[in-house]
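Worksheet for the structure shown next.
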Amino acid sequence: MKQCLLFGDSATDPQGEVPAVIDTGIVSELSFDIEATGRDPLSDTIVGIALCKEKGKSYYVPVRHNGPCNIQEALSILMPVLEDPAVAKIGHNLKYDMLLLRQEGIHVRGRLYDTMVASYLLNPIKPDHSLQDVAVEHLAHKKRPFAEVLGKRASFAEVPVEEATQYAAEDAELAMELKDMLFDKLQSSGLERIYFEIEMPLIYVLADMEEAGIKINKERTEELSKELDRELEELRSRVYRLAGSTFNINSPSQLGKVLFDDLGLKPMKKTKTGFSTSMDVLEELSKSHELPREILNYRSFYKLKTTYTDTLPKLINPRTGRIHTSFNQTVTSTGRLSSSDPNLQNIPIRGEWGTKIREIFIADEGNVLVSADYSQIELRILAHMSEDESLVDAFKNSIDIHARTASEIFGVPLDAVTPDMRRAAKVVNFGIVYGMSAYGLSEALSITPKEAAVYIENYFNKHAGVKRFMEHTIQTARQDAFVTTLLGRIRPLPEITSTNAAVRQQADRLAVNTPIQGTAADLIKIAMVRISKALQARNLSARMLLQIHDELLFEVPEKELNETLELISVEMEAALDLSVPLKVEIGWGKNWAEAH
DNA sequence: GCCGTCACG
DNA sequence: ACGTACGTGACGGCA
């Protein structure tokens with residue numbers, strides 16, 4: 001027995017002149033191939049849902065187009081399909097569609113095929129993974145730009161339904177076509193497992209995190225803004241007095257005039273537009289004049305106020321009372337996530353003000369925030385990938401790695417390592433991972449390049465495995481023009497064969513750094529998926545809120561704290577089986593500062 | 001819309 | 001001689 005959808009002819013066949021009457025029979029025939037789209041980026045609401053059965057057979061359900069259709073009835077008919085775990089979902093940027101549907105109470109389930117993420121895995125250095133761009137690259141298909149369809153209208157809902165149908169159906173059809181095309185390419189590049197076991201399940205986790213958001217103490221944040229205002233006022237007058245004139249401190253060009261013309265300080269570095277007034281320059285100049293120090297103070301307070309304390313309260317969602325970031329899964333060339341609008345991966349942590357600002361991120365009543373971070377993750381991955389004996393041994397025996405490096409590069413016994421030596425060794429350990437030169441190390445440690453070269457030489461004498469690994473990685477990269485992570489994620493390095501030495505050396509550093517940074521990114525993504533599944537399996541209601549590259553932040557009901565702490569540590573430490581143990585440091589408190 | 005600067009891992 | 005440590009995003013100034 002056929003049942004007509006109650007919104008009847010509001011469903012429109014893009015090919016046909018006659019509006020098609022979609023019935024439940026057709027909807028269930030769409031089983032494998034669904035693309036929820038027809039969204040309106042301007043108002044962040046669902047305007048319609050485009051469904052593609054196969055090429056040439058697409059439907060558009062105009063949920064919010066002006067007309068007599070009944071939203072609730074339309075959605076209640078699509079809901080069983082969208083929520084059916086046996087029905088796979090195909091789309092371009094599915095997280096976006098999933099989040100819109102959740103606002104309507106629909107929770108998408110089932111296997112995902114996201115063509116945007118597929119495009120990213122195939123080429124993470126591609127700057128643009130929009131459907132428009134991906135369709136041109138992989139299908140040589142020029143898609144009509146959304147802006148053109150929209151014209152001067154305020155919303156997609158005002159576009160005539162026939163035109164909207166053409167547009168939305170084209171989106172759905174392109175995703176369908178791209179799915180087959182990109183899936184073949186993923187398989188032949190060995191990216192299938194990363195796609196299905198890491199990135200696709202991660203979409204659900206990221207959607208949950210974005211939807212959850214994080215609570216902040218609004219009143220306290222506003223207090224901090226006022227406090228910063230008073231500090232800035234004082235600093236401004238001090239700066240003007242020392243400069244002998246008033247000017248815009250935020251303008252590097254005006255500041256340059258004051259420092260280098262009026263005060264006659266000697267410029268040290270040039271930028272494209274003038275003399276540099278960056279931190280390291282002002283740091284150096286502060287030895288000969290009081291002003292640069294005050295400029296630095298002014299800048300740091302100004303940064304904190306404009307980027308954090310002034311901005312965050314305005315971003316509280318009135319519906320949820322919380323701040324919701326976006327986690328971008330297709331941005332970085334190494335496989336890391338990024339966070340934007342607002343970026344919650346660069347919240348201050350250092351110094352007194354770092355603590356003050358982290359204190360404004362709080363747990364809801366009855367909950368605590370839990371922070372879990374991987375200890376020295378990149379060095380552990382380096383140890384595993386290089387099989388360097390001394391590094392592996394140090395981690396296996398829980399030796400303080402920076403202290404050991406200090407004893408190696410300074411040639412003193414472990415118990416004779418001073419805090420200063422350990423601090424220098426820490427810089428060396430980080431520098432190695434980035435491919436730092438003797439010059440770079442000398443700058444970072446304020447020593448001569450000669451001394452720095454000795455440290456580096458000492459390091460490699462004790463770590464032949466690391467040296468071998470770096471040389472081998474660069475050599476392989478030169479042959480393949482790409483590098484891979486432990487899990488097989490790819491980063492192309494087109495410039496590794498450049499005839500320009502500077503360009504080529506840059507690529508050499510990327511060749512060494514990317515497998516390490518990228519493997520760390522793979523690892524924490526695996527952990528996120530595992531934790532999400534384990535929490536569900538154990539019926540725990542902790543929510544993952546943020547990922548900050550080697551740290552995960554959760555909101556956990558106090559009553560479930562002990563069980564959840566255990567679960568998080570276990571899942572994170574077991575996410576990958578390396579030749580060195582993984583160590584997780586975990587803490588909790590009423591705010592992010594306490595949890596750390 | 002780019003540049004310089006600076007917050008984070 | 002080359003240029004000099006990897007990966008991000010947001011802000012204000014300026015054209």
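Treat the numbers as computed from the prediction; the structure is a model and nothing was measured. Order of the sequence lines fixes the chain letters, A, B, ..., with proteins taken first and strands second; residue numbering starts at 1 for each chain.
Ser339(A) has no side-chain polar atom (N or O) that falls below the 4.0 Å cut-off from OP1 or OP2 of dT8(C). One finds no side-chain N or O of Gln517(A) lying less than 4.0 angstrom from the OP1 or OP2 phosphate oxygen of dT8(C). Listed pair Ser278(A) / dG4(B) fails the phosphate criterion, with no side-chain N or O lying under 4.0 Å from OP1 or OP2. Distances shown here put every side-chain N or O of Thr332(A) at or beyond 4.0 Å from the OP1 or OP2 atom of dG7(C). For Arg509(A), a side-chain nitrogen or oxygen approaches OP1 or OP2 of dC6(C) to under 4.0 Å. Regarding contacts with the backbone of dA10(C), every side-chain N or O of Thr307(A) stays at 4.0 angstrom or more from both OP1 and OP2. Applying the 4.0 Å criterion to OP1 and OP2 of dC8(B), one finds that Arg358(A) has every side-chain N and O outside that range. For dC6(B), neither phosphate oxygen OP1 nor OP2 lies less than 4.0 angstrom from any side-chain nitrogen or oxygen of Asn346(A). Arg350(A) has no side-chain polar atom (N or O) that falls below the 4.0 Å cut-off from OP1 or OP2 of dC6(B). OP1 or OP2 of dC14(C) has at least one side-chain nitrogen or oxygen of Gln254(A) nearer than 4.0 Å. For the OP1/OP2 pair of dT8(C) and a distance below 4.0 Å, the side-chain nitrogens and oxygens of Ser333(A) include at least one atom meeting the criterion.
One can place CG of Asp508(A) at 14 Å from P of dA5(C), the figure rounded to the nearest angstrom.
dA5(C) and dC8(B) have their C1' atoms separated by 16 Å, with the value rounded to a whole Å. dT4(C) and dT5(B) are spaced 15 Å apart, taking the P atom of each and rounding to whole Å.
Across all strands shown, dC2(C) forms no Watson-Crick or G-U wobble pair with both key distances under 3.5 Å.
Residue-environment remark: CH2 (Trp353(A)) exceeds the threshold of 12 foreign heavy atoms within 6.0 Å.
Distance from the side chain of Ser251(A) is smallest for dG13(C) among the nucleotides dG4(B), dG7(C), dG13(C).
The pair Asp388(A)-Lys467(A) fails the salt-bridge criterion, with no side-chain N (NZ, NE, NH1 or NH2) lying under 4.0 Å from an Asp/Glu carboxylate O.
When only modelled atom types and interatomic distance are considered, Glu495(A) and Ser498(A) share no side-chain donor-acceptor pair under 3.5 Å.
Each of Asn328(A) and Gly440(A) was matched to the nucleotide of DNA chain C holding its nearest heavy atom; the match closer to the 5' end belongs to Gly440(A).
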